[in-house]
Amino acid sequence: MNAAGIRCATTDDLDNLITSNAGAYVTKSATPDPRVGNPSPRMKGLPNGSINAMGLPNHGLDYYLDYVLADQKKRPDRMNFLSVAGITLDDNLQMLHTIQDSAFNGFTELNLSCPNVPGKPQVGYDFGRVQEVLTAVFDFFTKPLGVKLPPYFDMAHFDQIAAILNRYPLAFVNTINSVGNGLVINAETETAVLKPKGGFGGIGGASIKPIALANVRALRLRLNPTIAIIGTGGVVNGQDVFEHLLCGADMVQIGSKFGFEGTPLFDRLNQELSAIMATKGYTSIADFKGKLKTLD
Ligand SMILES: O=C1NC(=O)NC(C(=O)O)N1
C-alpha cells in the first residue's frame, strides 16, 4: 500500500489508489482543520529517494473521514486506513473522538512521527509523551488503531518503546516514518534545496532501507504477536518487499518510490515478489514471514 502523505491528499489521489492493485491505502495525515503546510519548495526527489518538509498540508479530518466512509459503503470488504497527526494532544483526542463516534470501521493510523512542524518535537522521540498519548487514547478509543513511529537508532530505545507499546491494545505499529531532519544541498548554488526549516527535512527512499529493516526486525522481536507490523521505508522493488516481510512485517507501505512511479508500482512489486517466492519455492508469505536467520 502507499505510505501516508504520498499521492493520498485529494479524493482524486485516493480514487487512483482504490482503482489500483494496491492491497489497501492510507490517507494523508489529517489535522482537525485544513492546513496549508510549509512554504515551497518543500519536497525534492533525489537520485535514491526524497527529502520533504511538507508540514502536514491536508484538507482536514472531515474530508478524509467522508472519503473512507463512502468507500467502506461501496467496498465493505476492502481495508482502508485513516491517518491523523494532531499538532497537540487535544487535537489528536478530538479527532479520535470524532472517528470513534463515526461509522468508520477501518484502521486508524496515529502519526507520532511527523518531523516537519516547526517548533513541535516528534512525539515518538519522547517516551513519556507516547505513554501519555496512548493512555488518553485507549481511555475511550475501541476501534482498530496503530501508531506511525520514527526510526530509532539505539538498542535501548527499541527496548523502551516496545515495552511502552506492549501495554496497549494496538492493532499495528507502522515503522518507519522518514528519517527526520536530513539536509540536502546544491553545491553549485551553495544552497539548501528545501525552503522550510533551513532546508532540513525527512529523508525517504532506498538509502533508508537498512534503518527501516532494523526497526521492523527490532520491533517484531519485541512486540506482542497480537500487534501487527507495517514495514515502511526504502522499498523500490520486490526484493525490498521480501526483505521487509522476512524481518517480520505483515504489510508493506511504499512512499518515495510510489511518489515517482505511481500506481503501476503495485503491479510491478507484486510480480517481482511473486517471482522471488517462486524461485525460492514459497507458496505463501507465511512460509518466510519473520524468519530472518542470524549467523549465531
Ligand atoms: O509524518 C510525516 N512525515 C514526513 O516525512 N512528512 C510529512 C509532512 O511533513 O507532512 N509528515
Side-chain angles (χ1 to χ4, degrees), residues 1-10 13 25-46 48-61 63-64 81-89 91-92 95 107-126 129-130 133 145-152 172-184 192-209 211-212 215 230-235 253-260:
M1 62 186 286
N2 68 302
I6 289 79
R7 293 182 185 244
C8 61
T10 68
D13 290 336
Y25 65 86
V26 59
T27 57
K28 169 65 185 173
S29 293
T31 47
D33 300 313
R35 186 179 157 87
V36 172
N38 291 333
S40 293
R42 59 192 188 181
M43 195 289 276
K44 202 86 177 170
L46 305 170
N48 61 354
S50 66
I51 183 170
N52 91 85
M54 304 297 285
L56 291 174
N58 75 93
H59 289 292
L61 176 66
Y63 179 96
Y64 301 106
F81 291 71
L82 181 60
S83 174
V84 295
I87 307 292
T88 64
L89 173 57
D91 279 0
N92 275 319
M95 289 191 285
F107 292 85
T108 298
E109 183 172 282
L110 177 57
N111 182 352
L112 300 179
S113 46
C114 176
N116 296 319
V117 178
K120 292 299 289 180
Q122 294 186 58
V123 173
Y125 285 149
D126 179 337
R129 292 272 290 135
V130 172
V133 170
L145 179 133
V147 289
K148 177 78 172 280
L149 297 175
Y152 300 99
F172 68 93
V173 163
N174 183 347
T175 177
I176 61 176
N177 206 316
S178 58
V179 173
N181 295 298
L183 179 61
V184 174
V193 301
L194 296 185
K195 178 166 182 171
K197 299 168 59 185
F200 288 68
I203 304 296
S207 63
I208 72 166
K209 187 175 74 172
I211 295 165
N215 278 263
I230 299 179
T232 305
V235 175
Q253 290 186 350
I254 299 94
S256 302
K257 191 65 177 177
F258 172 54
F260 299 128

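Start at 1 and go down the list; that is how both ligands and their atoms are numbered.
A heavy-atom separation below 4.0 Å is found between S178 and ligand 1.
Between the side chain of N2 and the backbone N or O of V26 there is at least one donor-acceptor pair closer than 3.5 Å.
Looking at N177, T31, N116, V179 and measuring to atom 3 (N) of ligand 1, the nearest heavy atom belongs to N177. Atom 9 (O) of ligand 1 has its nearest heavy-atom neighbour, among S113, P115, G55, S29, in G55.
Neither the backbone nor the side chain of N38 comes within 4.0 Å of ligand 1, counting heavy atoms alone. With a 4.0 Å cut-off on non-hydrogen atoms, K28 touches ligand 1 through its side chain and not its backbone. Counting heavy atoms closer than 4.0 Å to ligand 1, residue V117 contributes nothing at all.
Considering OG1 of T27 and OH of Y63, their distance stands at 10.5 Å, rounded to 0.5 Å. A distance of 6.5 Å separates OG of S29 from CD of E109, quoted to the nearest 0.5 Å.
Counting non-hydrogen atoms of neighbouring residues, nucleotides and ligands closer than 6.0 angstrom, the NZ atom of K44 reaches no more than 12 such neighbours.
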Would you check, one step at a time, whether the test side-chain contact (heavy atoms from CB on, under 4.5 Å) holds for L149 with N215?
CA-CA 9 Å; L149 297 175; N215 278 263; over 6 Å; no
Let me see the working for N38 and K195 under side-chain contact (heavy atoms from CB on, under 4.5 Å), right down to the final yes or no.
CA-CA 8 Å; N38 291 333; K195 178 166 182 171; over 6 Å; no
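Side-chain contact of N111 with S83: a donor-acceptor pair under 3.5 Å is absent, judged by distance alone.
Those atoms of ligand 1 with a heavy atom of N111 less than 4.0 angstrom away are 1 (O), 2 (C). Those atoms of ligand 1 that come under 4.0 Å of a heavy atom in M54, given as number and element, are 8 (C), 9 (O), 10 (O).
L56 N, 2.7 Å is the protein heavy atom nearest to atom 10 (O) of ligand 1. Looking at atom 6 (N) of ligand 1, its nearest protein heavy atom turns out to be N52 OD1, 2.9 Å. Shortest contact from atom 11 (N) of ligand 1 to any protein heavy atom: C114 SG, 3.3 Å.
Ring geometry for F81 versus F107: interplanar angle under 30°, hence parallel rather than tilted (30 to 60°).
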